[in-house]
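Worksheet: the structure to be examined is printed underneath.
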Amino acid sequence: MPKRLYVTESFPGESLSSVPEDVSIDLWKGPEPITYRELAETLKTADGLLCMLTNRVDRALLEETRSLSVVSSMSVGLDHVDVAACTEFGIPVGNTPNVLTQTTAELTFALMLAASRRVVESDRFVREGRWKRWDPELLLGVDLHGSVLGIIGMGRIGQTVTKLALAFGMEVMAWSRTRREIEGVVWVPLEILLARSDFVSIHVSLNDSTRNLLDRDRVMNIKDGAFLINTSRGGIVDERALCERLTSGELGGAGLDVFEVEPLSAKSPLLNLENVVVAPHIGSASQRTRVRMGEMAVANAVAGLLGKKLPNCANREVYD
Ligand code: GLV
């Protein structure tokens, strides 16, 4: 009997058609994303799961579906998977690090520039026929060069953002749980970073220690006029407090790819603000990177189904 791999979304590339014959693919084809209940039901007869960051894989689901021998997520972040419970049940968990590092760092700059140089606002201005003359005071923004960028989290993406920032002529301050010597980076306590940075960019993963890291008090302490950029996870920032400071005009603006609840409601007050640029969680969304993420996720899933070690395993202790 071939092993049954359940896949929750189709994705770019051909990697699903290249799985070995002893693996059969079952792909969700609904017009809407699969629900938690539907996933729990279908996984009762699956050997492996290839999921997205939108699929919650928690202890209750694992308990219901006992037969899984691998959980492979097409994402680097694993806040949607209870990795500790997977380890307890002997299930290796795969993810897709590295390939999306540069792509996500590039989106960070896309949002930073779009917000600080008012690119989206300018686009609307021209399209709406409001451009009547060249005006020396029109749509003035903030330069990146000569500004201070505060990076929260110095993992792979934070380090790549650092390199790009230095190339832009920015000064870089950082706060991270683990500190490493990086040329051009000044390490500071989080409160100092928030109080002194002209741009704050978030690059920690979401877990119990980073959830609400930028709580109300910290959001209130971000320097007046600064821009907040988030390409990590919405749950790290108190969105309501952020919205208040953006609405009052105390903050310069924000570039947000991630939100506390996704998809962001069309009624979100953030969407009424000219100084906010939003994107629908597209940090890794270049054609090439998504193909490579798909290949890695398939390689992890197939390895797990065939009883081999996952090439990118987030809970190596499962093999101890
Ligand atoms: C994207 O947010 C990812 O975790 O891959």
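Ligands are counted one by one from 1 in listed order, and the atoms in each one are counted from 1 as well.
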Looking at [Y] and [X], is there a salt bridge between them, counting it only when a charged N and a carboxylate O are closer than 4.0 Å?
{"X": "E64", "Y": "R37", "result": "yes"}
{"X": "E63", "Y": "R66", "result": "no"}
{"X": "E244", "Y": "R216", "result": "yes"}

Going by distance only, is there an N or O of [X] that falls short of 3.5 Å from an N or O of ligand 1?
{"X": "L53", "value": "no"}
{"X": "S284", "value": "no"}
{"X": "S232", "value": "no"}
{"X": "V76", "value": "yes"}

What atoms in ligand 1 come closer than 4.0 Å to a heavy atom of H281?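 Listed by number with element, the hits are 1 (C), 2 (O).
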
By number and element, which atoms of ligand 1 are closer than 4.0 Å to a non-hydrogen atom of S75?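 So the answer, numbered in order with elements, is 3 (C), 4 (O), 5 (O).
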
Please determine whether side chain to side chain donor-acceptor pair (under 3.5 Å) holds for the pair D58 and Y36, giving the CA-CA distance in whole Å, both sets of side-chain angles, and the decisive distance to 0.1 Å. CA-CA 10 Å; D58 58 12; Y36 178 82; 2.6 Å; yes

Side-chain donor-acceptor pair present, R233, S205, cut-off under 3.5 Å: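 Distance-only check fails for R233 and S205.
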
Just to be sure I'm reading this right: ignoring hydrogens, which of R233, H80, M52 gets closest to atom 4 (O) of ligand 1? Compare them by their nearest heavy atoms.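 Minimum heavy-atom distance to atom 4 (O) of ligand 1 goes to R233.
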
Run the side chain to side chain donor-acceptor pair (under 3.5 Å) test on S176 and T178 for me, step by step, so that the C-alpha distance in whole Å, both residues' side-chain angles and the decisive distance to 0.1 Å come before the verdict. CA-CA 5 Å; S176 196; T178 33; 4.6 Å; no

Using a 4.0 Å heavy-atom cut-off, which part of M74 comes near ligand 1: side chain, backbone, both, or neither?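 For M74, there is no contact with ligand 1 at all, from either part.
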
Have a look at ligand 1 and work out which part of L100, if any, has a heavy atom under 4.0 Å from it: side chain, backbone, both or neither.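 Side chain only.
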
Does a sphere of radius 6.0 Å around CZ in R292 hold more than 12 heavy atoms from other residues, nucleotides or ligands, not counting ones at 6.0 Å or beyond?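 It does not: R292 CZ has 12 such atoms or fewer within range.
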
